[in-house]
Protein chains: 2
Amino acid sequence: MGPVTLRDVAQLAGVSIATASKALNGQPQVRASTRDRVIRAAEQLNFSPNTLAQGLITQRTGTVGLLTSDLEGRFSIPILMGAEDAFGSDQTSVFLCDARGDAIREKHHLRALLSRRVDGLIVVGARPDARPSLGRDLPVPVIYAYSPSEDPADLSLVTDNVGGGRLAVDHLIRHGRRRIAHITGDATYGAAQDRATGALARLAEEGLQLAGDQVWFGSWSEAWGRSATRMLLERDPGVDAVFAGSDEIARGVLDVLHQEGLDIPQRVAVIGFDNWNILAANARPPLSTIDMNLEQLGRLAAQRLFAAIDGTLRSGASAAGASASGASASGALAPGTETVPCRLVTRESTG
Amino acid sequence: MGPVTLRDVAQLAGVSIATASKALNGQPQVRASTRDRVIRAAEQLNFSPNTLAQGLITQRTGTVGLLTSDLEGRFSIPILMGAEDAFGSDQTSVFLCDARGDAIREKHHLRALLSRRVDGLIVVGARPDARPSLGRDLPVPVIYAYSPSEDPADLSLVTDNVGGGRLAVDHLIRHGRRRIAHITGDATYGAAQDRATGALARLAEEGLQLAGDQVWFGSWSEAWGRSATRMLLERDPGVDAVFAGSDEIARGVLDVLHQEGLDIPQRVAVIGFDNWNILAANARPPLSTIDMNLEQLGRLAAQRLFAAIDGTLRSGASAAGASASGASASGALAPGTETVPCRLVTRESTG
DNA sequence: TTGTATGCGTTATCAG
DNA sequence: CTGATAACGCATACAA
């Protein structure tokens, strides 16, 4: 038996295809008893409408594309999950495409997605710095998440890294720490700079200097966390807290502090960044850290996208509207960069 | 301007829609010069065919559904990536759906996917044990990856955990270790049992006993790795190698060995399982481990699915075929469980 | 070699 | 309230 179509349902219910369609779509202009008959027939046949045909007519497919450069990575997944549950599973499905950081592949995927008539796109970059825009003249709304677009005319949703840095240091200060060091990753990452900026700002408010007299930039690895900690202890043995730019780095910090016999958190408190559960929750002791709220970022992206899609449709339908706004074809997306606040996660490494 | 359609292309090229279609689809029955004209017109307009319309006709959408219960997890992602690149980015796109372990949500997703007329399905479970089948009468081929289906009539692709356990112990033996312990996760996981079985088999071949006189089952956590190692060292201080059932556990093992001042790998060698890069590569020392070849598993799943889809189509087309086989509607999938071998990854923790 | 006509499964616009 | 009928964008058997 081939797939069951609306015709089969109509036939079983003894009505025309048109009536069956109206009945199932909740159109008011159909007698209650007829509607029941149709619905029962549909259930009996386990009918599910062919969304391809629907999309062809309504110009909406109920699909969005998620274009990422960081699949193996830790960032796109939470964003994807947030987006997925904001959309609602039976409303919208998401195409996941990984460009693996390759511009050519990205173009291919983009083409494929547009060809599939997705209603919108979410672009997730591999690192939190600005990335090239997909262009201004796309037929669907686009939202850049995690990595902002280089084009200020696009809408980007990013983590508030400055706020995150401030949050971490604030937490340490509230726990009575005064000699706070900052060990972080690659200095070419905007996120590293921003977190440091936030940390320094909070220290300055308290009239404090950075322990070790510098921000220790390096790489986003456990190994760097270890070697930086050794250097730090040599330069400033009295340090009583370390703010690590990532949980990986924090693990390296913990490792060396243990080697040196320094109690955590009594002697030195440690806080990380990312709340990467496998690293943070299993650390010894479990690691306090800053969570970027990526699921929320994903949800927000989905909501914005949804609004824009609805806007596109409405504006397309209301040709008689009096609106003189210069909204682009991609819908009602307010351009600019929105920022999502971080959240402190307290575990034992800060007491 | 709305999306450009084949009509626009035909018009610009000065031919009929039918001719334009044939030209673009590489049908032989069209003059070369005409074809060129059409192709140029298509490029000029940046035409891309509406796959919805195509799918409606050809009964193939060029999409597959990936139904997972483990999105945040480490397993579905490599599988997804393998599948993605086996399909080829411009041929097939994949819908990713996370059921989050909820049967209701899974049903919803399944319905949505079928309604979108995916050509096939890959189901990835949350743990390597058998999971309920989606059923036998689905209109598309289904492949179960990582978690096998409970129904032997389905096709499942799983990791060779027995072989993996054997591989790990074999590696230790080849490096001259004789007093080998095994610390692993939850005993209710088939994978834990299988890996232990493989390990024991290889030990038996060598006439060796397990150090500590037992398999240390517990949980898949670093904390368990630590406490089990302490118990182990107490019971059998002479142990010269540990095979950990996961990289997380291995990290815990390493931690305690360091605390006890036991050199790795000189005094005790350690090997993990999963090759979870963030844990294994950054360990001190970097951790040898067993890789489950999940990308390959994903590729294989994609290939099998592809073959089945082609089979479905061919068998549907050749109504005059002489085949008397009782192949199901879901295509030519050979039922049963296929096994993908593991791979040894050597780093410094085993010398 | 090219064009015409038909249909894929739905929704939407009309008459009845 | 219900039922023909025309799209939606494309592929294909058939006619020219």
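Only a predicted model underlies this, so the values are computations on that prediction, with no experimental measurement involved.
- Close to D/dT2, at under 4.0 Å from its OP1 or OP2, lies a side-chain N or O of A/T34.
- The closest donor-acceptor contact from the side chain of B/S16 to the backbone of B/T19 lies under 3.5 Å.
- Among residue pairs with one or both ends in residues 145-155 of chain B, those qualifying as salt bridge (charged side-chain N to carboxylate O under 4.0 Å, His left out) are B/R136-B/D151; sequence neighbours excluded.
- Taking 4.0 Å as the cutoff to heavy atoms of chain A, we find the contact window on DNA chain C bounded by C/dG9 to C/dT13.
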Output field dot_bracket for DNA chain D (Watson-Crick or G-U, both distances under 3.5 Å, | for other-strand pairs) contains ||||||||||||||.|

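- The shortest non-hydrogen separation linking A/P49 to B/S115 is O-OG, 2.8 Å.
- Here the shortest heavy-atom pairing between B/A99 and B/R105 reads O-NE, 3.5 Å.
- The distance from the CD1 atom of B/I309 to the CZ atom of B/R60 is 6.0 Å, given to the nearest 0.5 Å.
- Under the ring-ring contact (aromatic ring centres under 6.0 Å, His included) criterion, B/F306 pairs with B/F87, sequence neighbours left out.
- Once rounded to the nearest 0.5 Å, the distance linking CG of A/L155 with OG1 of A/T337 reads 7.5 Å.
- Distance alone, capped at 3.5 Å, is enough to place a donor-acceptor pair between the A/R37 side chain and the A/A13 backbone.
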| message | Would B/R100 and A/E84 count as a salt bridge (Lys or Arg N to Asp or Glu O under 4.0 Å) here? Give the steps. | response | CA-CA 11 Å; B/R100 292 169 169 80; A/E84 212 195 12; 3.3 Å; yes

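- Of the residues in residues 35-46 of chain B, not one comes within less than 4.0 Å of DNA chain D through any heavy atom.
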Going 5' to 3' through nucleotides 8-16 of chain D and flagging B where a protein heavy-atom sits under 4.0 Å of the base, S where only the sugar-phosphate is that close, and - otherwise, we get BBBBBB---

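- The two residues B/R35 and B/Q27 have their closest heavy-atom pair at NH2-O, 2.6 Å.
- A pairwise comparison of heavy atoms in A/F47 and A/L24 identifies CE2-CD1, 3.7 Å as the closest pair.
- Side-chain contact, A/R116 with B/S93: a donor N or O sits under 3.5 Å from an acceptor N or O.
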